[in-house]
Engineer: 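Handing you a structure now.
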Protein chains: 2
Amino acid sequence: MSQPAELCEEGRLALIRDVLERIGDKWSVVVICQLDDTTRRFNELSRMSSPITKRMLSATLQGLERDGLVTRTVYDTKPPRVDYALTPRGISLLKVVRELAGWAEANAAGILESRSGYDAR
Amino acid sequence: MSQPAELCEEGRLALIRDVLERIGDKWSVVVICQLDDTTRRFNELSRMSSPITKRMLSATLQGLERDGLVTRTVYDTKPPRVDYALTPRGISLLKVVRELAGWAEANAAGILESRSGYDAR
DNA sequence: ATACCAGGTCTGACATTGGTACCTTCCACC
DNA sequence: GGTGGAAGGTACCAATGTCAGACCTGGTAT
């Protein structure tokens with residue numbers, strides 16, 4: 001098995017930071033979650049992610065495409081149509097995000113409690 | 001079992017964003033990893049996390065303490081001494097971070113390749 | 001005198017984000 | 001003929017957030 005070993009080894013920390021910069025921005029996770037297992041069009045994503053602007057959606061999708069997490073398929077039809085979907089790599093990331101979500105749900109209450117305790121000092 | 005179900009449900013996305021804001025900053029993960037299973041002093045962490053400034057280390061630790069992820073123990077000795085350690089909640093978060101690290105390692109090469117392909121278009 | 005401990009403060013640079021406006025092509029409407 | 005909408009963006013600017021660096025604290029030990 002892989003040994004947990006040196007978690008703080010320099011290179012490893014750099015890798016983690018890389019992933020966090022990828023999914024740590026404001027919209028990447030939202031978009032990834034909404035792509036989930038289907039393909040979606042640009043404006044569809046725009047509507048689903050409610051207060052996101054086209055500008056941010058576009059930038060987010062470009063970043064995800066650059067890292068090979070989503071595919072962008074352009075159909076040269078009368079009104080242009082562009083489909084986005086998760087790649088296998090994107091799907092594997094989504095699994096990790098689900099773990100994160102699980103942790104978040106399990107600990108949200110405790111964290112909020114801890115915060116209010118801390119703030120009231 | 002817990003159904004994966006509505007991952008993009010509003011509240012759930014908000015929770016994920018919360019966690020990501022917590023660990024998505026520049027130093028939290030570094031500090032958490034270095035606390036791992038031992039207790040460490042302020043300057044010890046400062047040295048281990050190399051280019052971190054005291055200001056950022058202090059801020060990071062305060063954030064982590066606020067969320068109940070680390071404990072801060074002050075000894076009122078001649079030169080002041082403050083020990084930091086992960087709480088059980090912090091340890092559970094570290095496990096998730098390890099998963100993240102695993103994904104990062106497994107996908108780093110592919111991502112870099114994808115990036116250079118994208119940039120060279 | 002100097003350095004270590006554990007920080008706090010203050011300023012300025014830089015990155016991220018939001019908002020608005022604009023573009024192109026097709027189509028429907030009046 | 002002109003207006004305006006949808007599709008999928010891009011360009012530019014302003015506000016905001018994040019971070020580093022330099023300096024200050026105060027007590028103790030060398």
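Fair warning: this is a prediction, and the values are worked out from it, not measured in the lab.
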Engineer: Give the rounded distance in Å between these two atoms: CG of B:Asp83 and P of C:dC5.
Structural biologist: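 Nearest whole value for this atom pair: 13 Å.
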Engineer: Under 4.0 Å from OP1 or OP2 of D:dA22: is there any side-chain N or O of B:Lys54 that close?
Structural biologist: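 False: B:Lys54 side-chain N/O out of range (4.0 Å or more) of D:dA22 OP1/OP2.
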Engineer: Please work out if A:Tyr84 contacts a base, only the sugar-phosphate, or nothing of the nucleic acid, heavy-atom cut-off 4.0 Å.
Structural biologist: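 Counting heavy atoms under 4.0 Å across all strands, the contact made by A:Tyr84 is with sugar-phosphate only.
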Engineer: May I ask you to verify if any side-chain N or O of A:Gln62 is less than 4.0 angstrom from the OP1 or OP2 atom of D:dT10?
Structural biologist: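 A:Gln62 to D:dT10 OP1/OP2: side-chain N or O found under 4.0 Å.
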Engineer: What is the distance from CG of B:Asp25 to P of C:dA15, rounded to the nearest Å?
Structural biologist: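 After rounding, the gap between these two atoms is 18 Å.
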Engineer: OP1, OP2 of D:dA7 versus side-chain N and O of A:Arg41: anything below 4.0 Å?
Structural biologist: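 So the side-chain polar atoms of A:Arg41 never come under 4.0 Å of the phosphate oxygens OP1 or OP2 of D:dA7.
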Engineer: Out of C:dT17, D:dC19, C:dA6, which nucleotide sits closest to the side chain of A:Arg55?
Structural biologist: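 Of all the options, the side chain of A:Arg55 is nearest to C:dT17.
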Engineer: To the nearest Å, give me how far apart CG (B:Leu57) and C1' (C:dA6) are.
Structural biologist: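 Roughly 10 Å, once rounded to whole Å.
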Engineer: So which nucleotide from D:dG8, C:dG18, C:dA6 ends up closest to the side chain of A:Trp27?
Structural biologist: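 Closest nucleotide to the A:Trp27 side chain: C:dG18.
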Engineer: Rounding to an integer number of Å, can you tell me how far A:Lys78 NZ sits from D:dG8 P?
Structural biologist: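 These atoms are roughly 14 Å apart.
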Engineer: With sequence neighbours left out, what residues match B:Glu44 under side-chain hydrogen bond (donor to acceptor under 3.5 Å, both in side chains)?
Structural biologist: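 Expected list: B:Arg40.
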Engineer: I need the minimum non-hydrogen distance between A:Arg12 and A:Leu7, along with the two atoms involved.
Structural biologist: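 The pair with the smallest heavy-atom distance is CD-O, 3.6 Å.
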Engineer: Of the listed nucleotides (C:dA6, D:dC19, C:dG18), which one gets closest to any side-chain atom of B:Lys26?
Structural biologist: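 It is D:dC19.
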Engineer: Do A:Arg89 and B:Glu113 meet the salt-bridge criterion of a basic N to acidic O distance under 4.0 Å?
Structural biologist: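 A salt bridge is absent here (no side-chain N lies under 4.0 Å from a carboxylate O).
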Engineer: Kindly work out whether a path of hydrophobic side-chain contacts (I/L/V/M/F/W/Y, heavy atoms less than 4.5 Å apart) joins A:Met48 to A:Ile32.
Structural biologist: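 Different clusters: A:Met48 never reaches A:Ile32 through Ile, Leu, Val, Met, Phe, Trp or Tyr contacts under 4.5 Å.
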Engineer: Whole-Å distance between C:dC26 P and A:Arg81 CZ?
Structural biologist: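 About 18 Å, once rounded to whole Å.
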Engineer: Between C:dT16 atom C1' and B:Glu21 atom CD, what is the distance in whole Å?
Structural biologist: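 Taking CD of B:Glu21 and C1' of C:dT16, I get 13 Å after rounding.
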Engineer: Under 4.0 Å: is that the gap between some side-chain N or O of B:Ser58 and OP1 or OP2 of C:dG8?
Structural biologist: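 For B:Ser58, the contact criterion (side-chain N or O under 4.0 Å from OP1 or OP2 of C:dG8) is met.
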Engineer: Does the side chain of A:Arg47 get closer than 4.0 angstrom to OP1 or OP2 of D:dA7 through an N or O atom?
Structural biologist: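 Indeed, a polar side-chain atom of A:Arg47 lies that close.
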Engineer: May I have the distance from B:Arg17 (atom CZ) to D:dG17 (atom P), rounded to whole angstrom?
Structural biologist: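 Distance, rounded to whole Å: 14 Å.
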Engineer: Which comes earlier along DNA chain C counting from the 5' end, the contact point of A:Pro51 or that of B:Asn43, where each point is its nearest nucleotide?
Structural biologist: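 With A:Pro51 and B:Asn43 compared, the 5'-side residue is B:Asn43.
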Engineer: Got a second to check how far B:Arg41's CZ is from B:Thr73's OG1, nearest 0.5 Å?
Structural biologist: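 Spacing of CZ (B:Arg41) from OG1 (B:Thr73) equals 12.0 Å.
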Engineer: Can you tell me the distance, in whole Å, between the CG atom of B:Leu61 and the P atom of C:dG8?
Structural biologist: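 Distance check: B:Leu61 CG to C:dG8 P gives 10 Å.
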